[in-house]
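Input: a single structure, listed below in structure tokens.
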Amino acid sequence: MTQPEQAAGFEKLLGMEHIELTADRVELACEITPDLLQPYGIAHGGLHCSLVETAASYGAAIWFHGRGQVVGVANHTNFLRAARTGRLKVVAIPIHRGRTQQLWQVDITDDTGRAVARGEVRLANIASADALARPESPGAPETAPGS
């Protein structure tokens, strides 16, 4: 996938824009709107985590295409500077791509180029995500006892 696609679903809800989608680099953008602010008037940390996860997942999936699917297993996002308005630029690059997992670094900057957040996402390369979040067998409980 080298041509940007129109964002849909959760990405559309957040206002994500696809700028570049390749196996070696992903660039997204997002305008900070009032709906994306936390109570103190700054961009919600969940927005940064979502941008980091999405960018890494696109790159990982494009690279692994044809061999299976990828799922995030760890997202570590550091918040470096508060942002209240403007456009966020998100750039993801691979750090490691192996047989069973990938690690991507993602940088988020504001419209003046200042660092806002940096994250790393570890993704598992799997044959199929179809069985995830489904009961293991017919009649199996959806949740563990006591949860």
Side-chain angles (χ1 to χ4, degrees), residues 1-134 136 142-144 146-147:
M1 174 187 327
T2 57
Q3 294 297 318
E5 296 177 350
Q6 187 67 23
F10 183 66
E11 296 171 38
K12 184 176 181 181
L13 186 67
L14 295 181
M16 287 187 209
E17 298 174 45
H18 301 161
I19 308 300
E20 178 182 352
L21 302 174
T22 72
D24 296 318
R25 186 178 189 278
V26 171
E27 183 178 337
L28 306 174
C30 179
E31 191 73 29
I32 300 172
T33 66
D35 289 335
L36 301 177
L37 302 178
Q38 48 93 303
Y40 299 126
I42 59 177
H44 195 286
L47 171 63
H48 300 306
C49 292
S50 296
L51 291 167
V52 165
E53 181 92 15
T54 301
S57 295
Y58 267 117
I62 294 166
W63 181 78
F64 201 62
H65 180 74
R67 293 175 277 173
Q69 298 169 333
V70 299
V71 292
V73 294
N75 178 336
H76 184 93
T77 301
N78 288 295
F79 312 121
L80 305 172
R81 172 179 279 110
R84 294 179 181 273
T85 61
R87 184 176 169 89
L88 299 175
K89 177 181 174 182
V90 184
V91 176
I93 57 169
I95 296 172
H96 169 78
R97 295 186 286 201
R99 184 178 51 82
T100 61
Q101 65 179 353
Q102 299 181 51
L103 181 64
W104 284 70
Q105 177 179 299
V106 185
D107 290 302
I108 301 176
T109 55
D110 64 16
D111 46 13
T112 66
R114 295 180 304 171
V116 173
R118 172 177 269 187
E120 286 186 354
V121 177
R122 188 167 55 89
L123 303 106
N125 301 330
I126 60 175
S128 173
D130 290 344
L132 298 178
R134 300 197 191 284
E136 292 183 32
E142 288 280 343
T143 59
S147 57

Note to self: Is it true that Thr22 and Asp24 share a donor-acceptor pair across their side chains at a distance under 3.5 Å?
What the structure shows: no
Please report the interatomic distance [atom1]([X]) to [atom2]([Y]), rounded to the nearest 0.5 Å.
X      : Y      : atom1 : atom2 : value
Gln101 : Ile126 : CD    : CD1   : 13.0 Å
Arg25  : Glu20  : CZ    : CD    : 4.5 Å
Asp111 : Thr85  : CG    : OG1   : 7.0 Å
Glu53  : Trp104 : CD    : CH2   : 13.0 Å
Glu17  : Leu28  : CD    : CG    : 9.5 Å
Thr109 : Arg114 : OG1   : CZ    : 10.5 Å

Does [X] reach the side chain of [Y], with side-chain heavy atoms less than 4.5 Å apart?
X     : Y      : result
Leu37 : Ile32  : yes
Glu27 : Val91  : yes
Ser50 : Phe10  : yes
Arg99 : Asn125 : no
Thr54 : Val90  : no
Leu47 : Leu14  : yes
His48 : Leu88  : yes

Checklist line | From Val26, Leu123, Val52, Ile62, residue fulfilling side chain to side chain contact (heavy atoms under 4.5 Å, CB included) relative to Ser57 | finding: Leu123
Margin query: If we check side chain to side chain contact (heavy atoms under 4.5 Å, CB included) with Glu120, which of these qualifies: Ile95, Asn78, Val106, Thr77?
Written below: Ile95
Looking only at atom types and distance, does a side-chain atom of [X] sit under 3.5 Å from a main-chain N or O of [Y], one as donor and one as acceptor?
X     : Y      : answer
Asn75 : Cys49  : yes
Arg84 : Gly41  : yes
Arg81 : Ala115 : yes

Next item on the list: Considering non-hydrogen atoms only, spot the tightest contact between Ala92 and Ala56 and give its length.
Entry: CB-N, 4.1 Å
Next item on the list: Looking only at non-hydrogen atoms, find the nearest pair between Ala43 and Gln38 and report the distance.
Entry: O-CG, 4.2 Å
Check: Of all residues at least two apart in sequence or in a different chain, which pass the side-chain hydrogen bond (donor to acceptor under 3.5 Å, both in side chains) check with Asp130?
Finding: Ser128
Margin query: Going by the rule side-chain hydrogen bond (donor to acceptor under 3.5 Å, both in side chains), which residues pair with Glu31 if we only count those two or more places apart in sequence or in a different chain?
Written below: none
Check: If you draw a 6.0 Å radius around CZ in Arg97, do more than 12 non-hydrogen atoms from other residues or ligands fall strictly inside?
Finding: yes
Item checked: Worked check of side-chain contact (heavy atoms from CB on, under 4.5 Å) between Arg122 and Leu103 -> CA-CA 5 Å; Arg122 188 167 55 89; Leu103 181 64; 4.2 Å; yes
